[in-house]
Amino acid sequence: LATPGVEPQDAVKIRLSDYMSSLMCRARGTVGAIASGVVRRAQSQQFAGDAAAVYERSKRDDCQAARAVAEPLLRGLAAAAEASKGP
């Protein structure tokens, strides 16, 4: 699906980040397990999405599952988000 005014690789990055963020914030199954997995994935160098977008979503009030993620993982995500912004 083409998005007017958005480069294809940027559109993929945006859609992937949105999908992973919504997956992280769902409270299904073991609370926090999916959110922790998404946080780990977003920290990896192979993550094609936007770590900063995932981090920002994890801090929103409507993302209760992210509250169960271990603090060291969230700090790692914050560092990955900062690093993804560049110099």
Side-chain angles (χ1 to χ4, degrees):
L1 297 171
T3 305
V6 177
E7 293 294 321
Q9 65 271 21
D10 291 337
V12 168
K13 186 175 186 175
I14 291 167
R15 285 197 312 266
L16 178 61
S17 301
D18 286 345
Y19 175 75
M20 295 297 281
S21 294
S22 67
L23 182 65
M24 172 181 64
C25 293
R26 290 185 195 147
R28 288 191 294 177
T30 305
V31 176
I34 294 172
S36 294
V38 169
V39 168
R40 282 188 187 95
R41 180 69 179 128
Q43 291 180 56
S44 80
Q45 291 184 339
Q46 294 81 23
F47 184 59
D50 184 358
V54 174
Y55 178 70
E56 290 301 319
R57 179 71 190 271
S58 75
K59 295 298 179 189
R60 288 180 26 187
D61 290 338
D62 66 344
C63 190
Q64 293 300 314
R67 305 291 171 262
V69 176
E71 195 60 38
L73 281 176
L74 288 175
R75 283 195 301 271
L77 179 58
E82 191 64 34
S84 73
K85 292 179 183 177

Legend entry - Common cluster, Tyr19/Val38, ILVMFWY with side-chain heavy-atom separation under 4.5 Å: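 As far as the 4.5 Å side-chain criterion goes, Val38 and Tyr19 are connected within one cluster.
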
Inset, instruction - Begin from the C-alpha positions of Lys59 and Cys63 and carry the test side-chain contact (heavy atoms from CB on, under 4.5 Å) through to its verdict. - result: CA-CA 7 Å; Lys59 295 298 179 189; Cys63 190; over 6 Å; no

Legend entry - Nearest heavy atoms of Ala35 and Ala65, plus distance in Å: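 Distance-wise, the nearest heavy atoms are CB-O, 3.8 Å.
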
Inset, instruction - Can you see which heavy atom on Phe47 is nearest to which on Arg41, and at what distance? - result: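 Distance-wise, the nearest heavy atoms are CB-O, 3.4 Å.
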
Legend entry - CA sep, side-chain torsions, deciding dist, call: Arg26, Ile34, side-chain contact (heavy atoms from CB on, under 4.5 Å): CA-CA 8 Å; Arg26 290 185 195 147; Ile34 294 172; over 6 Å; no

Would you be so kind as to tabulate the donor-acceptor pairs closer than 3.5 Å made by side chains of residues 67-83, with sequence neighbours excluded?
| from | atom 1 | to | atom 2 | distance (Å) |
| --- | --- | --- | --- | --- |
| Arg67 | NH1 | Ser58 | O | 2.8 |
| Arg67 | NH2 | Arg60 | O | 2.5 |

Inset, instruction - Hey, could you give me each pair passing side-chain hydrogen bond (donor to acceptor under 3.5 Å, both in side chains) that has a residue in residues 48-57? Not counting sequence neighbours. - result: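 Counting only pairs at least two positions apart or across chains, no side-chain hydrogen bond (donor to acceptor under 3.5 Å, both in side chains) contact touches residues 48-57.
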
